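Just below is one structure, and these are the notes that go with it.
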Number of protein chains: 2
Amino acid sequence: MEESALSKALPGLPAARLDMVEACGRFAQSLGIARSVGEIYGLLYLAPRPMTLDEIAQCLGLSKASVSTGARQLVSLGAARRVFVRAARKDGYEAVVELGELARRAYENLFKSRLQNADAHMNEMLAKIEAEKESYSPEEHALIVERLTRLRAIQSRIKMLLPLAERIFS
Amino acid sequence: MEESALSKALPGLPAARLDMVEACGRFAQSLGIARSVGEIYGLLYLAPRPMTLDEIAQCLGLSKASVSTGARQLVSLGAARRVFVRAARKDGYEAVVELGELARRAYENLFKSRLQNADAHMNEMLAKIEAEKESYSPEEHALIVERLTRLRAIQSRIKMLLPLAERIFS
DNA sequence: CGGAACGTTCAGTTCAAACTGAACGAACTG
DNA sequence: CAGTTCGTTCAGTTTGAACTGAACGTTCCG
């Protein structure tokens with residue numbers, strides 16, 4: 001059985017938790033977030049109690065500095081909470097398990113606003129086309145307008161699906 | 001009025017086409033594709049006729065090598081076609097305007113398969129948990145199972161939406 | 001059968017993001 | 001009030017992706 005790089009580095013973690021760390025790392029990366037941030041979340045997600053910066057750093061083989069910024073990112077994303085651990089008298093981090101709100105915000109920011117931008121941008125482009133009509137041949141102008149119109153059709157089609165998508169979060 | 005870096009570099013292109021280049025560049029980047037690949041597509045999308053590697057390279061201020069690999073990527077994605085231009089006796093590229101098939105494949109590859117992977121992975125993790133049950137305390141074991149079950153619930157919720165999403169492409 | 005022109009490939013460079021080590025301020029302890 | 005321990009910040013390093021220039025093979029033309 002082949003072992004991953006992580007599992008070699010961190011013999012202390014049970015296999016299941018390591019799996020979770022790796023899966024979340026990959027997922028984060030596919031979302032354009034730093035892999036380490038996802039790994040931290042994966043570690044926290046199955047942690048029986050809040051973990052301190054140093055614990056996280058040791059478990060994942062990261063520097064405390066990286067974990068500090070990574071955990072900060074998670075908190076600002078709403079995917080982790082910072083809690084004060086009485087017993088150890090230091091801060092700890094725990095995963096936010098209810099991801100509904102997080103998903104909703106991601107949808108709003110990454111999708112909805114982007115689509116609205118695209119809409120405005122499309123109108124702007126059509127205006128520019130008319131403004132500089134003389135720099136195209138008639139056929140070229142027609143072609144461009146046709147292509148842009150086609151794009152606009154796709155846009156409105158997607159827009160029709162938005163309310164449907166919103167229903168996911170309910 | 002402020003001019004972008006691209007427009008300075010490429011005074012030959014009309015503003016509307018430049019807008020398209022930039023928009024597609026940004027969009028590609030947000031999808032994790034190289035910006036230049038998106039720019040090439042944006043350029044081709046409003047081109048009145050197929051463009052050669054050299055034309056594209058000059059328009060976008062890229063090297064022929066970059067355009068060669070970029071265009072190859074577009075073709076392998078199904079977003080561009082390679083056509084032989086008789087008049088010039090060389091290859092040209094044109095944008096694939098019907099993006100339905102492309103979107104469908106993206107959905108299949110990036111989403112559906114990922115979700116199925118996640119499903120398999122989840123079962124594997126639950127199996128591992130049971131296999132190494134002795135390395136957890138009872139409460140810890142219960143917590144992990146609860147967390148994983150929660151994840152599984154989210155997964156199946158998303159899975160219920162899949163047929164709905166498929167209806168988009170019809 | 002030379003010789004262009006074209007497209008691809010490859011080694012090297014550039015550049016930005018991620019990570020680290022070290023220094024710093026703050027809070028607590030004895 | 002000295003001395004820890006924490007968490008953050010910052011400058012410097014590392015790393016990987018994107019891009020380039022140059023070399024290469026191929027095709028087509030004279």
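Note that the structure is predicted; figures quoted are calculated from it, not measured. Order of the sequence lines sets the chain letters (A, B, ...), proteins ahead of strands, with each chain counted from 1.
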Inset, instruction - Assign A/Ser36 to base, sugar-phosphate, or nothing according to its heavy-atom contacts below 4.0 angstrom with the strands shown. - result: sugar-phosphate
Inset, instruction - Give one of base, sugar-phosphate or nothing for A/Arg35, where a contact means two heavy atoms less than 4.0 Å apart. - result: nothing
Inset, instruction - Quick one: list whatever passes side chain to side chain donor-acceptor pair (under 3.5 Å) with B/Ser66, sequence neighbours left out. - result: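 Once residues adjacent in sequence are excluded, the partners of B/Ser66 under the side chain to side chain donor-acceptor pair (under 3.5 Å) criterion are B/Ser63.
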Inset, instruction - Indicate, with yes or no, if A/Leu46 and A/Leu102 share a hydrophobic cluster defined by side-chain heavy-atom contacts under 4.5 Å among Ile, Leu, Val, Met, Phe, Trp and Tyr. - result: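 Both belong to a single hydrophobic cluster.
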Legend entry - Beyond-backbone contact of B/Gln58 with B/Asp54, side-chain heavy atoms, under 4.5 angstrom: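 Result no, sub-4.5 Å side-chain heavy-atom pair not found.
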Does [X] have any salt bridge (Lys or Arg N to Asp or Glu O under 4.0 Å) partners at least two apart in sequence or in another chain, and if so, which?
{"X": "A/Arg81", "answer": "A/Glu94"}
{"X": "B/Asp119", "answer": "B/Lys159"}
{"X": "B/Arg105", "answer": "none"}
{"X": "A/Arg89", "answer": "none"}

Legend entry - Pair B/Leu60-B/Val21, side-chain contact (heavy atoms from CB on, under 4.5 Å): steps then yes or no: CA-CA 9 Å; B/Leu60 297 181; B/Val21 167; 3.7 Å; yes
Legend entry - DNA chain C-proximal residues of residues 41-49 of chain B, any heavy atom under 4.0 Å: none
Inset, instruction - With a 4.0 Å heavy-atom cut-off, tell me which residues in residues 63-85 of chain A come close to DNA chain C, sorted by residue number. - result: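 A/Ser63, A/Ala65, A/Ser66 - these, ordered by number, are the residues of the stretch whose heavy atoms sit under 4.0 Å from the strand.
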Legend entry - Closest non-hydrogen atom pair, B/Pro48 against B/Arg17: CD-NH1, 3.9 Å
Inset, instruction - Return the set of residues passing side-chain contact (heavy atoms from CB on, under 4.5 Å) with A/Arg114 (not counting sequence neighbours), or none when no residue passes. - result: A/Leu110, B/Ser30
Legend entry - A/Glu55 and A/Lys90 ion-paired at < 4.0 Å: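 Salt bridge absent between A/Glu55 and A/Lys90.
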Legend entry - Pair listing, ring pair (Phe, Tyr, Trp, His ring centres under 6.0 Å) test, anchored in residues 20-43 of chain B, at least two apart: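 Matches after skipping sequence neighbours: B/Tyr41-B/Tyr45.
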Inset, instruction - Using whole Å, report how far CZ of B/Arg89 lies from C1' of C/dA5. - result: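 It is 9 Å, rounded to the nearest whole Å.
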Legend entry - Watson-Crick and G-U pairing of DNA chain D, under 3.5 Å, as dot-bracket with | and [ ]: ||||||||||||||||||||||||||||||
Legend entry - First and last nucleotide of DNA chain D, 5' to 3', lying under 4.0 Å from heavy atoms of chain A: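 Reading along DNA chain D, I get D/dC6 to D/dT9.
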Tell me which donor-acceptor pairs under 3.5 Å the side chains of residues 134-146 of chain B have, and how far apart each pair is, sequence neighbours excluded?
| residue | atom | partner | partner atom | Å |
| --- | --- | --- | --- | --- |
| B/Ser135 | OG | B/Glu132 | O | 2.6 |
| B/Tyr136 | OH | B/Glu132 | OE2 | 3.0 |
| B/Ser137 | OG | B/Glu139 | OE1 | 3.3 |
| B/Ser137 | OG | B/Glu140 | N | 3.2 |
| B/His141 | NE2 | B/Glu130 | OE2 | 3.4 |
| B/Glu146 | OE2 | B/Arg150 | NH2 | 3.2 |

